Amino acid sequence: MIKSVHENNLDALEAIRSLHCPEGFECDMTYGNGSFWKGGERPKYCFDITPLHEGVIEADSQMLPLPESFLSNCVFDPPFLTYVKNGRDHNNKVAMTSRFGGYYAYGELEDHYRGTISEAWRVLKPGGKLVFKCQDIIHNHKMHCTHVNVCNWAEMEGFRLLDLFVLTAKSRMPGPQKGTQKHARIFHSYFLVFVSNKRQKKTNE
């Protein structure tokens, strides 16, 4: 039986692959340092705005050098940190931001996520799967339920939520919280699996 809660990326990805991407993962839209795939098989097409490994193509996840309706599935594991002074250019003075990058404001996160969802819609075939990893965060003293926002943004683009997986953490996930605690500390993130249905894309026209 495949469960919805996992303790590491590899197990979560294997569960998703077994249920929704049986032929394997085709594309990583933000490959980074490659640790996401440690112990598993790297996708055929890997992109990053600042490639760190051979074979990774330089490209913004919002503008991939791929034709329309080209992929059966793609994976998006974006930065989730906020209050990072240098945005996604990485702040080497902080270990977590040096590794993952981040955004100065939540609006920057939203712009990047929504732009990438739109691009995933373009490059996926009808019925294609978007695997989206995200984490809820506290930003500017407010709770941002990012996984709900992502579901809403994806639905607006024409995707339907197909499945949801929870990834637990042994230690507290990073965040800007300081001083007296006002929110529950976050010990989990999400893998959201969306399916495209290009006959039902919503527009504002």
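Only heavy atoms go into these numbers, but all of them, side chains included; no hydrogens, no water, no symmetry mates. Keep in mind the model is a prediction, meaning the values are calculated, not measured.
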Answer yes if the side chains of [X] and [Y] hold a donor-acceptor pair under 3.5 Å, and no otherwise.
X	Y	answer
Asp11	Asn8	yes
Ser35	Asn33	yes
Asp136	His147	yes

Counterpart residues, side-chain contact (heavy atoms from CB on, under 4.5 Å), relative to [X] (two or more places apart):
X	answer
Ser4	none
Val195	Lys129, Arg160, Leu162
Asp111	none
Leu19	Ile2, Asp163, Phe165

On a heavy-atom basis, which atom in [X] and which in [Y] lie closest, and how many Å separate them?
X	Y	value
Asp77	Thr30	O-OG1, 3.1 Å
Gln135	His188	CG-O, 3.6 Å
Cys74	Ala120	SG-CB, 4.0 Å
Phe47	Val56	C-CG1, 3.8 Å
Ala154	Ile117	CA-CG2, 3.9 Å

Any residue meeting ring-ring contact (aromatic ring centres under 6.0 Å, His included) with [X], in chain and number order, not counting sequence neighbours:
X	answer
His6	none
Phe132	Phe76, Tyr113
Tyr45	Phe70

NZ or CZ of Arg42 within 45° of Tyr31 ring axis and under 6.0 Å: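 Yes, Arg42 lies over the aromatic ring of Tyr31.
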Side-chain donor or acceptor of [X] paired with backbone N/O of [Y] under 3.5 Å:
X	Y	value
Arg122	Leu66	yes
Thr116	His112	yes
Ser61	Met29	no
Glu58	Thr50	no
Asp48	Gly32	yes

Apart from Met1 itself, residues in the same hydrophobic cluster as defined by side-chain heavy atoms under 4.5 Å: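 Besides Met1, the hydrophobic cluster comprises nothing; the residue is isolated.
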Rest of the hydrophobic cluster containing Leu52 (Ile/Leu/Val/Met/Phe/Trp/Tyr, side-chain heavy atoms under 4.5 Å)?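 None; Leu52 is a cluster of one.
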Is there a side-chain contact between Cys134 and Leu192 (heavy atoms, below 4.5 Å)?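 In contact.
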Less than 4.5 Å apart, side chain to side chain, heavy atoms only: is that true for Ile137 and Thr146?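 Answer yes - side chains close enough.
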Residues in side chain to side chain donor-acceptor pair (under 3.5 Å) contact with [X], at least two apart in sequence or another chain:
X	result
Thr168	none
Asn9	Lys133
Arg17	Glu14

Between Phe159 and Trp153, ring centroids under 6.0 Å: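 Distance test on ring centres: not under 6.0 Å, no.
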